[in-house]
Amino acid sequence: MAVSTEVVEVLRAAGCVFAEDEARLLIAAAAETGVDLNALVAQRVAGTPLEHLLGWAEFHGLRVAVAPGVFVPRQRTAFLVEAAADLVRARNRHSMVVDLCCGSGALGLALATMLTAEHTLVTLAAADIDPVAVECARRNLTPIGAPVYQGDLFEPLPEELHGCIDILLANTPYVPSGMIERMPPEARDHEPRTALDGGPDGLDIFRRVAADARTWLAPGGHLLIESSETQAPIALDVLAEHGLAGRIAESDEDYATVVIGTRPAR
């Protein structure tokens, strides 16, 4: 598809690093949806996330539906999905996976899709407190038969999952409150603060998850969260307080840090 030089220049002047790629995507979106291209470009220049304008985000090789007001999955979080996949493979049996604080459901979708393609059996469920995110996650997860529950952390999950979760993905918000204003405008002004703000040190929601995780995890089950490099040692201490053995996994390539907590097998 031809790319308008004018659109590229407008995006580049607004600070879009990948202006040519974005121009191509916006032109395609305008053609597919009938939305005026100039309106899409103006919104992008004003700071609206590209993914919200397209209606989807590329994550782990998948096109994941996103909507205005929903957290856009970050590419670095693919490392968390890969770490979870390794843990499922090591268990070598049908695994129960829960995507908590699921947002669009991208993590659970990516993990289930990858493992299913490998003929590894998983059952997936997801939950989020935000009704807009839940609606979006259902668009992504209902086609693969995964239920999405609305509520605060573990509260909406079915009681039958108590003590039965093998892999708990919890991409909790971990930006310290004082750092929110320093975030790029497209995140700060267009994504829900509940998906970004982790409290004074960025770990408030993680602490709540860790406090209850042991009772929801199956023996030998794993909790995985993303954190910053500086937060990870604190997160390990929190896991230990709640009876979970912790370790840190890092990817220099993805600039990602994942903290893994494991319930003892016995």
Side-chain angles (χ1 to χ4, degrees), residues 51 55-57 59-74 77-78 80-85 87-89 91 93-173 191-192 194-195 205-206 208-226 261 263:
E51 295 82 0
W56 56 270
F59 181 74
H60 207 273
L62 301 174
R63 183 176 284 199
V64 179
V66 295
V70 176
F71 180 79
V72 176
R74 307 315 198 236
T77 311
L80 187 152
V81 173
E82 293 290 345
L87 293 170
V88 172
R89 296 182 188 113
R91 295 180 74 81
R93 62 174 176 79
H94 192 152
S95 295
M96 182 68 221
V97 177
V98 170
D99 186 355
L100 206 62
C101 304
C102 70
S104 65
L107 276 65
L109 177 65
L111 181 62
T113 300
M114 175 170 51
L115 292 173
T116 299
E118 299 173 4
H119 306 290
T120 300
L121 294 176
V122 293
T123 297
L124 173 68
D128 200 285
I129 195 171
D130 185 348
V132 178
V134 168
E135 181 180 353
C136 187
R138 285 174 177 159
R139 289 171 57 194
N140 289 310
L141 298 181
T142 298
I144 65 169
V148 183
Y149 304 98
Q150 183 182 338
D152 187 22
L153 300 181
F154 297 99
E155 179 269 329
L157 296 181
E159 183 60 29
E160 66 238 34
L161 292 183
H162 229 128
C164 296
I165 300 174
D166 298 301
I167 301 292
L168 179 59
L169 310 173
N171 193 20
T172 55
E191 293 182 310
T194 54
I205 307 302
F206 162 68
R208 292 183 56 210
V209 172
D212 291 331
R214 183 181 172 112
T215 64
W216 284 90
L217 288 172
H222 308 283
L223 161 66
L224 295 92
I225 69 145
E226 190 173 80
R263 177 181 169 181

J.: Could you tell me the separation between the CZ atom of Arg214 and the CG atom of Leu168, rounded to the nearest 0.5 Å?
T.: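 Rounded to the nearest 0.5 Å, the CZ-CG separation comes to 14.5 Å.
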J.: Counting C-beta onward and ignoring hydrogens, is there a side-chain heavy-atom pair between Ile129 and Leu153 closer than 4.5 Å?
T.: no
J.: Please lay out, stage by stage, how Ile225 and Asn171 fare under the test side chain to side chain contact (heavy atoms under 4.5 Å, CB included).
T.: CA-CA 5 Å; Ile225 69 145; Asn171 193 20; over 6 Å; no
J.: Can you name the side chain to side chain donor-acceptor pair (under 3.5 Å) partners of Arg63, sequence neighbours left out?
T.: none
J.: Do you know the tightest heavy-atom contact between Ala67 and Cys136?
T.: N-SG, 4.0 Å
J.: Taking Arg263 for the side chain and Leu223 for the main chain, is one N or O donor matched with an acceptor at less than 3.5 Å?
T.: no
J.: Do Ser104 and Val66 have side chains that approach each other closer than 4.5 Å (heavy atoms only, starting at C-beta)?
T.: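 Yes - at least one pair of side-chain heavy atoms lies under 4.5 Å apart.
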J.: Could you check if a side-chain atom of His222 sits within less than 4.5 angstrom of a side-chain atom of Asp166, using non-hydrogen atoms only?
T.: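 Contact flag for His222/Asp166 side chains = no.
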J.: Do other residues, nucleotides or ligands put more than 12 heavy atoms under 6.0 Å from Gln150 CD?
T.: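 Atom CD in Gln150 is packed in, count exceeds 12.
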J.: For Ala213, is there any backbone N or O sitting under 3.5 Å from a side-chain donor or acceptor partner on Thr215?
T.: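 No.
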J.: Identify the two heavy atoms, one from Ile205 and one from Cys101, that lie closest to each other, and give their separation to 0.1 Å.
T.: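 So the minimum-distance heavy-atom pair works out to CG2-SG, 4.5 Å.
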J.: Apply side chain to side chain contact (heavy atoms under 4.5 Å, CB included) to Leu224 and Ile167, showing your working.
T.: CA-CA 8 Å; Leu224 295 92; Ile167 301 292; 3.9 Å; yes
J.: Quick one: does any side-chain atom of Asp128 pair with a main-chain N or O of Gly103 as donor and acceptor, under 3.5 Å?
T.: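 Judged by distance alone, yes, a pair lies under 3.5 Å.
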J.: Is there a side-chain contact between Trp216 and His162 (heavy atoms, below 4.5 Å)?
T.: yes
J.: Of the non-hydrogen atoms in Val148 and Leu141, which two are nearest, and what is the gap between them?
T.: CG2-CD1, 3.7 Å
J.: Which is it for Val97 and Thr123 under the side chain to side chain contact (heavy atoms under 4.5 Å, CB included) test, yes or no, and what are the steps along the way?
T.: CA-CA 6 Å; Val97 177; Thr123 297; over 6 Å; no
J.: Do Val209 and Thr172 have side chains that get closer than 4.5 Å, going by heavy atoms?
T.: yes
J.: Could you tell me whether the side chain of Leu100 reaches within less than 4.5 Å of the side chain of Phe154, counting heavy atoms only?
T.: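 Yes; the side chains approach each other to less than 4.5 Å.
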J.: Minimum heavy-atom separation for Leu62 to Ala110, with atom names?
T.: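 Shortest heavy-atom contact: CD1-CA, 3.7 Å.
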J.: A side-chain contact here means heavy atoms from C-beta on lying under 4.5 Å apart; do Phe71 and Pro173 qualify?
T.: no
J.: Would you check if the side chain of Asn140 reaches a backbone N or O of Ala65 as a donor-acceptor pair within less than 3.5 Å?
T.: yes
J.: Please check if the side chain of Asp99 supplies one atom and the backbone of Ala126 the other of a donor-acceptor pair under 3.5 Å.
T.: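 Absent.
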J.: Before you tell me yes or no, could you show the steps for Leu169 and Val98 under side chain to side chain contact (heavy atoms under 4.5 Å, CB included), namely the whole-Å CA-CA distance, both residues' side-chain angles and the distance that decides it to 0.1 Å?
T.: CA-CA 6 Å; Leu169 310 173; Val98 170; over 6 Å; no
J.: Decide, yes or no, whether a salt bridge links Glu226 with Arg74 under the criterion of side-chain N to carboxylate O below 4.0 Å.
T.: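 Result for this pair is no, no salt bridge flagged.
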J.: For Thr113, is there any backbone N or O sitting under 3.5 Å from a side-chain donor or acceptor partner on Thr116?
T.: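 Answer holds: no.
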J.: For the residue pair Leu157 and Tyr149, establish whether any side-chain heavy-atom pair is separated by less than 4.5 Å.
T.: yes
J.: What's the shortest heavy-atom distance between Ala78 and His60, and which atoms?
T.: CB-CD2, 3.8 Å
J.: Any idea which heavy atoms bring Arg138 and Pro143 closest together, and the distance?
T.: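 That closest heavy-atom pairing would be O-CD, 3.8 Å.
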J.: Rounded at 0.5 Å granularity, tell me how far OG in Ser95 sits from CG in Leu124.
T.: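 So the OG of Ser95 and the CG of Leu124 are separated by 12.0 Å.
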